[in-house]
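Read the structure below first, then the notes.
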Amino acid sequence: MAELSSKEQKKLEKLATMRHSMAHVMAAGVLKLFPEAKIAIGPAIENGFYYDFDLPRSLSEEDLEVISENMKGIIRENHPIEREEVSRAKALELFADQPYKVELINELPEDEVISLYHLGDFTDLCRGPHVEDTSRLNPQAFKLLSIAGAYWRGDEKRPMLQRIYATAFGDPKLLKEHLDHLEELKKRDHRRIGKEQDLFSLHEDAGPGLVYWHPKGGRMRVAVENFWREEHYKNGYEIVFTPHVGKSWLWETSGHLDFYKESMYNPMEMDKSDYYCKPMNCPFHIMIYNEGKKSYRDLPCRWAELGTVYRYEKSGTLHGLTRVRGFTQDDAHIICTPDQMDGEITEVLRFSLYMLKSFGFDNISAYLSTRPEGKCVGDVSDWESAQEALKKAIEKEGLEYGIDEGGGAFYGPKIDLKVKDSMGREWQLSTIQFDFNLPERFNMTFVDTDGREKRPFMVHRAQLGSLDRFFGVMIENYGGAFPVWLSPVQAQVIPVGHNFDDYADGVWKKLRAAGIRAEKDLGDDRMNAKIREAQTQKIPYMFVLGANEQEEGKVSIRTRTGEQINGLTLDEAIALVQEKIAAKAMP
RNA sequence: GCCUCUGUAGCUCAGUCGGUAGAGCACAUCCAUGGUAAGGAUGGGGUCAUCGGUUCAAAUCCGUUCGGAGGCUCCA
């Protein structure tokens, strides 16, 4: 959330005004095509605008063409856009055949000024502001993008309207830039790259939203998991493993069956008990904690698990790796005494930031969510000290942060960390979350210095969130051109011709022995085709070997960036690759 | 879940007015022995997602079911 200068702020406002006016033009264009259309709302949004309509039939791509032409016509007719303030009664009369507008008017507060904007013979209820006339709109710099269903006021019990999404800029060049950006996003789509690089798949027939990691994706995941485990041990965590299913009393005790049941897979009955697939790992970690009496000397417990959980997400929300039904959380629970809390929070935040930065996410912001109004568990004083600890930790790291007052869950305050990726999109990955509920429900205790049993603090945290989702985000962030340490194939060995297959095979074996993920391409293709193949696979290093290399026992490297490094001994080449791996660098 | 679009070879897609299916890539075999982004030839491969209906005849038209894609209050 970088602060915008007032000049930039003004520019954005101007753009939003222009887009909002464009939305009116679109509504006018739709009414030309469907005079009986009922219009709903049409705001400017981040990269454009939309307008919702209730139409006699569903829109097609061809309709967008017609509407688009209508809009160009309206703009060229050069209408003024004029404001008029009217009484409530007049407004209701004017929009008598527009039920959505009537609803809006009736909901406006008593003292609100009701304003209309006229654009030719189109009049819309609108707060404004707008551009003075349509000459301020560029007929070459907008594009209708898509048709989507949208519930009136986002309420699934209300009618489904048709929404037209569009984008608009002041200048056709900027429109083109934006469209190119959308094109680039498509190219980086992790579902596409996952297929191209043979990383993972999903199978509708075997269960929607369940991920299959192929060998190449598996290599990447092992690289990430190994790094993750090493860092957790270095940072004072223990790693635990817990079952995938548990009896119903666990979920009754945790409250999941009361509040979370519809997101859980149905139970399976075994020996007259119901077993549920876990949607979260917490109750299992608590089982470990509650095994034996704990002393203050045992605390803090920092227990991490790459725990695979199952959640029954609605079918319409599933999306590639980023929204799935079975996924592996990089979960941890920190159980500590009240005295230890401040230090633990500081550390967990520092560690999380380090983790995200290791994957090239340098643009990180924090969001603190505090105690909601109404029913919460836990003492108010505990909430306050927890919130204070979270805030201090954020400030100590010098992070930009926002506060979502009252945005916490009923069981505790939290920090969410969001990263901005290379395409400027924000993703929420890490979360650090207090829980005043489960320690109570599971009667977790520790014996303090005074010999009395007390309630420990418990904090949930995930750094990458879900490994599956994180991979989706990471693939798109890198656009499939991974740093060397993550690349599924780090080096591709390519002989110039079959005469050098043996030499290539020897080099390949040594690369593998040195711990480098190397492949050899001894197929019948010409070298050019092999290079092209390695290049499209975005393999960081190509070892191209022929007579020149064989005679001197050396190697020549082509990087995927097109750089040529010739005349290295194999040992030098191995050292070069290993250095880049260790540095988590690009080739 | 709901709305719109959509489902044809492993992948990307074409298939006109309803007349029983095609391309490129990939794969296999052979030829070619090659120096930094696709050498050539031949061949195998499809219950046109599913179930049902209309029809002399369905990939094509209609309905069902199951998937996939884009959306579903950044407030008149």
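What you see below is based on every heavy atom in this structure, not just the backbone, and it leaves out hydrogens, waters and symmetry mates. Keep in mind that what you see is a predicted model, and the values were worked out from it rather than measured.
- Residues of residues 90-111 of chain A that place a heavy atom closer than 4.0 Å to RNA chain B, in numerical order, are A:K101, A:L104, A:L108.
- A donor-acceptor contact closer than 3.5 angstrom is absent between the side chains of A:E85 and A:S115.
- Applying the side chain to side chain contact (heavy atoms under 4.5 Å, CB included) criterion to A:R221, with sequence neighbours excluded, gives A:W213, A:E225, A:T328, A:L467, A:D468, A:F471.
- Salt bridge present: A:E519 and A:R512 bring a charged side-chain N and a carboxylate O closer than 4.0 Å.
- Taking the side chain of A:H20 as heavy atoms from C-beta on, and the options B:rG34, B:rA76, B:rA37, the nearest nucleotide is B:rA76.
- Between A:A529 and A:F500, the one whose closest nucleotide on RNA chain B sits nearer the 5' end is A:F500.
- Under the side chain to side chain donor-acceptor pair (under 3.5 Å) criterion, A:K261 pairs with no residue at all, not counting sequence neighbours.
- Straight-line distance between the C1' atoms of B:rC2 and B:rC62: roughly 23 Å, to the nearest whole Å.
- When heavy atoms are screened at a 4.0 angstrom cut-off, A:R560 is found touching no nucleic acid atom at all.
- Contacts of A:D524 with the nucleic acid, taken as non-hydrogen atoms under 4.0 Å apart, include base atoms.
- Residues A:G497 and A:Q535 both approach RNA chain B. Their nearest nucleotides, taken by heavy-atom distance, put A:G497 toward the 5′ side.
- Rounded to a whole angstrom, the distance from the C1' atom of B:rU12 to that of B:rA69 is 16 Å.
- Looking at the side chain of A:S146, the nearest of the listed nucleotides B:rG68, B:rC72, B:rG70 is B:rG70.
- Using a cut-off of 4.0 Å between Lys/Arg side-chain N and Asp/Glu carboxylate O, A:K187 and A:E183 are scored as not salt-bridged.
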Show me, pair by pair, the donor-acceptor contacts under 3.5 angstrom made by side chains of residues 31-47 of chain A, not counting sequence neighbours?
residue	atom	partner	partner atom	Å
A:K38	NZ	A:D97	O	3.1

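- Atom C1' of B:rG24 sits at a distance of 12 Å from the matching atom of B:rA38, rounded to the whole Å.
- In this structure, the ring-ring contact (aromatic ring centres under 6.0 Å, His included) partners of A:Y50, at least two apart in sequence or on a different chain, are A:Y165.
- No contact: A:D155 has no heavy atom under 4.0 Å from any strand.
- The A:E112 side chain lies nearest to B:rA76 when the options are B:rA37, B:rA76, B:rA69.
- Distances shorter than 4.0 Å separate none of the side-chain N or O atoms of A:R192 from OP1 or OP2 on B:rG68.
- Among the heavy atoms of the strands, none lies under 4.0 Å from A:A44.
- The separation between A:L64 atom CG and B:rG70 atom P is 17 Å, rounded to whole Å.
- With respect to A:R153 and A:D155, no salt bridge is recorded, no charged nitrogen being found less than 4.0 Å from a carboxylate O.
- Distance from the side chain of A:L125 is smallest to B:rA76 among B:rC75, B:rA76, B:rC72.
- Between the OH atom of A:Y51 and the C1' atom of B:rC75 there is a distance of 12 Å, given to the nearest Å.
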Give the B/S/- string for nucleotides 3-13 of chain B, one per nucleotide from 5' to 3', where a protein heavy atom under 4.0 Å of the base yields B, of only the sugar-phosphate yields S, and otherwise -.
BS------SS-
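- For the ring-ring contact (aromatic ring centres under 6.0 Å, His included) test, no residue two or more places apart in sequence or in another chain qualifies with A:F500.
- Distances were taken from every side-chain heavy atom of A:E549 (C-beta onward) to each of B:rG35, B:rU36, B:rC74; the shortest belongs to B:rG35.
- Listed by first and then second residue, the side chain to side chain donor-acceptor pair (under 3.5 Å) pairs involving residues 530-548 of chain A are A:Q535-A:R558 (not counting sequence neighbours).
- Between the CG atom of A:N499 and the C1' atom of B:rA32 there is a distance of 13 Å, given to the nearest Å.
- The shortest distance between the side-chain N/O atoms of A:H498 and the OP1/OP2 oxygens of B:rA32 is not below 4.0 Å.
- Rounded to whole Å, the P atom of B:rA23 lies 15 Å from the corresponding atom of B:rG15.
- No engagement by A:P43 is indicated, since no non-hydrogen atom pair under 4.0 Å with the nucleic acid exists.
- Rounded to an integer number of Å, the gap from A:R83 CZ to B:rA76 P is 12 Å.
- Within the 4.0 Å cut-off from OP1 or OP2 of B:rU36, not a single side-chain nitrogen or oxygen of A:R558 is found.
- With C1' as the reference atom, B:rG19 and B:rA59 are 13 Å apart, rounded to whole Å.
- Between B:rG7 and B:rG39, the two P atoms lie 34 Å apart (nearest whole Å).
- The distance between atom CG of A:L318 and atom P of B:rG70, rounded to the nearest whole Å, is 11 Å.
- Counting any heavy atom pair closer than 4.0 Å across all strands shown, A:R163 reaches sugar-phosphate atoms only and no base atom.
- Taking atom CG of residue A:D525 and atom P of nucleotide B:rG39, one finds them 7 Å apart after rounding to whole Å.
- Backbone-only contact: A:N528 has heavy atoms under 4.0 Å from sugar-phosphate atoms and none from a base.
- If you run side chain to side chain contact (heavy atoms under 4.5 Å, CB included) between A:M542 and each of A:D521, A:I494, A:T559, only A:I494 comes through.
- For B:rG63 and B:rC56, the C1' atoms lie 22 Å apart once the distance is rounded to whole Å.
- Note: CD (A:E196) to C1' (B:rC25) measures 13 Å, nearest angstrom.
- Taking atom CD of residue A:E426 and atom P of nucleotide B:rC74, one finds them 16 Å apart after rounding to whole Å.
- In this structure, the nucleotide among B:rG71, B:rG70, B:rG35 sitting nearest to the side chain of A:Y165 is B:rG71.
- To the nearest whole angstrom, the two C1' atoms, one in B:rA58 and one in B:rC51, are 15 Å apart.
- Stem list for RNA chain B (at least 3 consecutive Watson-Crick or G-U pairs, distances under 3.5 Å): B:1-7 with B:66-72, B:10-13 with B:22-25, B:27-31 with B:39-43, B:51-53 with B:61-63.
- Partners of A:H20 under the side chain to side chain donor-acceptor pair (under 3.5 Å) rule, at least two apart in sequence or in another chain, do not exist in this structure.
- Taking A:K414 as the reference, A:D416 meet the side chain to side chain donor-acceptor pair (under 3.5 Å) condition, with sequence neighbours excluded.
- For A:Q564, the side chain to side chain donor-acceptor pair (under 3.5 Å) partners are A:N566, not counting sequence neighbours.
- Side-chain contact, A:S422 with A:R188: a donor N or O sits under 3.5 Å from an acceptor N or O.
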